[in-house]
Amino acid sequence: MSRILTKALLQIFAFLPLYLIRQLGAMLGLLLYIGNSQSRKVTAENIERCFPSMPAEEQDLLVRQSLAETAKMALEVAPVWMRSVSWVVSKITRVHGEDLLTKSVDTPRGLIILAPHIGNWEVFSPYLSTVAHMTALYQPPKIAAFDQIIRAARERTGADLVPTDRRGVSSLLKALKAGGMTVILPDQVADSGTEHVPFFGQPAHTMTLVSNLVNRTGCQVLMGSVLRVQGGFELHFQEPDPAIYDPELVRSLEAMNRSVEACVMQAPAQYQWEYKRFRRPPPGAEKPYRF
């Protein structure tokens with residue numbers, strides 16, 4: 001799909017009412033479920049792994065709900081990327097833990113906001129641009145047509161985008177040491193700099209970047225999530241597990257994953273269970289997603 005066609009489709013969806021976008025997303029999610037899509041299979045395996053004691057009918061319900069919520073997210077990115085920052089912010093109906101964010105921003109220490117793949121994490125950039133300047137790592141998407149669109153959407157908020165390489169991490173270190181702010185998605189499977197630590201009881205390839213940044217800069221960490229509610233979004237900010245500041249790497253990583261789990265349990269259906277979180281198992285372990 002060409003960049004021009006992609007942008008045209010996004011612009012069409014961008015100016016549909018939010019409730020209609022969500023209805024279309026729910027329909028798309030139902031089709032993914034009925035069609036026994038790969039997304040359904042990945043979602044089902046992840047939920048079975050992470051909630052083994054959950055009755056089968058409840059697991060199946062959560063699969064259906066997750067597919068619908070993830071499809072809503074996919075369509076919601078159109079207005080979040082294409083419409084004005086003020087429009088996006090106007091759809092935020094409530095901010096929980098705003099005092100924690102304000103207090104963290106007002107101190108001279110840098111701040112990392114950890115935003116798991118739950119709800120609509122793309123709302124963070126427009127909202128946080130109204131709070132403080134932000135530096136963020138950026139890796140071009142696999143679909144080249146989206147690159148300019150995503151970059152333009154995130155740079156319109158005034159954020160500094162830096163590459164996901166040594167030079168980018170160096171820029172991030174410099175920004176945090178100067179008291180700056182960044183947002184990192186902590187549940188991504190990174191290509192390097194990882195350790196296997198539990199996530200919902202399952203060994204998961206977990207990025208070491210956050211723990212290393214905290215150890216080298218002495219910055220603060222907050223957990224953040226953007227949940228889908230009627231008429232818009234609610235933001236949640238909360239303290240992470242205190243052990244995330246532990247200088248011992250594995251303890252810090254375990255605390256980070258526990259903190260992500262706490263965010264997920266706020267709204268399990270809105271977590272992106274369609275993501276292959278366990279695709280890199282420990283050596284000798286059975287490989288998941290064999291379909």
Side-chain angles (χ1 to χ4, degrees), residues 25-26 28-74 114-121 184-190 194-208 210-211 223-228 236 238-244 246 248-291:
L28 176 58
L30 181 60
L31 290 175
L32 291 171
Y33 177 82
I34 293 173
N36 198 29
S37 63
Q38 184 171 3
S39 292
R40 174 181 172 174
K41 294 173 183 176
V42 172
T43 303
E45 180 163 343
N46 283 338
I47 288 172
E48 184 179 7
R49 283 173 174 270
C50 294
F51 301 104
S53 61
M54 180 183 288
E57 61 273 16
E58 292 183 24
Q59 288 188 16
D60 188 61
L61 175 60
L62 185 54
V63 169
R64 296 201 306 270
Q65 292 173 333
S66 177
L67 287 166
E69 295 297 327
T70 296
K72 292 176 188 178
M73 161 64 190
L114 298 183
H117 289 79
I118 186 169
N120 192 330
W121 54 93
I184 295 175
L185 279 65
D187 47 353
Q188 286 182 313
V189 179
T194 60
E195 293 282 346
H196 283 100
V197 294
F199 179 64
F200 281 101
Q202 302 295 312
H205 228 213
T206 302
M207 67 169 66
T208 60
V210 174
S211 297
M223 304 303 299
S225 51
V226 180
L227 301 184
R228 194 171 292 104
H236 294 255
Q238 58 199 55
E239 296 279 5
D241 185 311
I244 201 168
D246 196 305
E248 203 282 310
L249 180 61
V250 172
R251 290 177 185 170
S252 176
L253 296 179
E254 289 173 342
M256 183 175 75
N257 279 358
R258 286 195 298 269
S259 302
V260 173
E261 291 173 13
C263 290
V264 172
M265 294 311 296
Q266 291 176 324
Q270 293 194 35
Y271 188 62
Q272 192 182 16
W273 296 107
E274 293 68 31
Y275 183 61
K276 293 182 179 180
R277 184 69 177 87
F278 307 108
R279 68 177 182 268
R280 293 182 178 172
E286 181 183 357
K287 291 187 177 181
Y289 317 122
R290 290 180 174 273
F291 36 73

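In this text, all values refer to a predicted model and were calculated from it rather than measured experimentally.
- The shortest side-chain heavy-atom distance between P203 and P281 does not fall under the 4.5 Å cut-off.
- Atom NZ of K41 sits about 12.5 Å away from atom CG of L32, to the nearest 0.5 Å.
- Using a 4.5 Å heavy-atom threshold, the side chains of T43 and Y33 count as separate.
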Can you check side chain to side chain contact (heavy atoms under 4.5 Å, CB included) on V42 and Y275, steps first, answer last?
CA-CA 7 Å; V42 172; Y275 183 61; over 6 Å; no
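- For the pair C263 and I118, the tightest heavy-atom approach, listed with the atom from each and the gap, is O-CD1, 3.4 Å.
- Looking at E69 and Q272, their side chains never come closer than 4.5 Å, going by heavy atoms from C-beta outward.
- No donor-acceptor distance shorter than 3.5 angstrom exists from the side chain of S259 to the backbone of P240, with no hydrogens or angles considered.
- Using a 4.5 Å heavy-atom threshold, the side chains of P116 and L185 count as separate.
- Within a 6.0 Å radius of CD in E58, more than 12 heavy atoms belonging to other residues, nucleotides or ligands are found.
- Proximity of a side-chain donor or acceptor of R280 to a complementary backbone N or O of H205 within less than 3.5 Å is not detected.
- L114 is listed as a side-chain neighbour of M256, based on a closest heavy-atom distance under 4.5 Å.
- Defined by atom type and a distance below 3.5 Å, a donor-acceptor pair is missing between the side-chain atoms of H236 and S225.
- No more than 12 heavy atoms of other residues, nucleotides or ligands shown are found within 6.0 angstrom of CZ on R251.
- In this structure, R277 satisfies the cation-pi test against F199, with its NZ or CZ atom closer than 6.0 Å to the six-membered ring centre and inside 45 degrees of the ring normal.
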Before you tell me yes or no, could you show the steps for R40 and L67 under side chain to side chain contact (heavy atoms under 4.5 Å, CB included), namely the whole-Å CA-CA distance, both residues' side-chain angles and the distance that decides it to 0.1 Å?
CA-CA 7 Å; R40 174 181 172 174; L67 287 166; 3.9 Å; yes
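- Atoms OG and CG, from S39 and L28 in turn, are 9.0 Å apart once rounded to the nearest 0.5 Å.
- When Y289, Y271, W273 are each tested for a side-chain hydrogen bond (donor to acceptor under 3.5 Å, both in side chains) with N46, only one passes: Y289.
- With rounding to the nearest 0.5 Å, the separation of CD in E48 from CD in E45 is 7.5 Å.
- Between T70 and E274, the side chains place a donor N or O and an acceptor N or O closer than 3.5 Å (distance only, hydrogens not considered).
- Side-chain contact between R258 and I244 is absent, with no heavy-atom pair separated by less than 4.5 Å.
- Rounding to the nearest 0.5 Å gives a distance of 12.5 Å between CE of M73 and OG of S66.
- Checking side-chain atoms of Q270 against main-chain N and O of R228 turns up a donor-acceptor pair under 3.5 Å.
- Residues meeting the salt bridge (charged side-chain N to carboxylate O under 4.0 Å, His left out) test with E261, sequence neighbours left out: none.
- L253 contributes atom CG, which lies 10.5 Å from atom CE of M207 (distance to the nearest 0.5 angstrom).
- With rounding to the nearest 0.5 Å, the separation of CD in E57 from CD in Q59 is 9.0 Å.
- Within the 4.5 Å cutoff, the side chain of N257 has no heavy atoms near those of the F200 side chain.
- In this structure the side chain of K276 never reaches within 4.5 angstrom of the side chain of V189, judged on heavy atoms.
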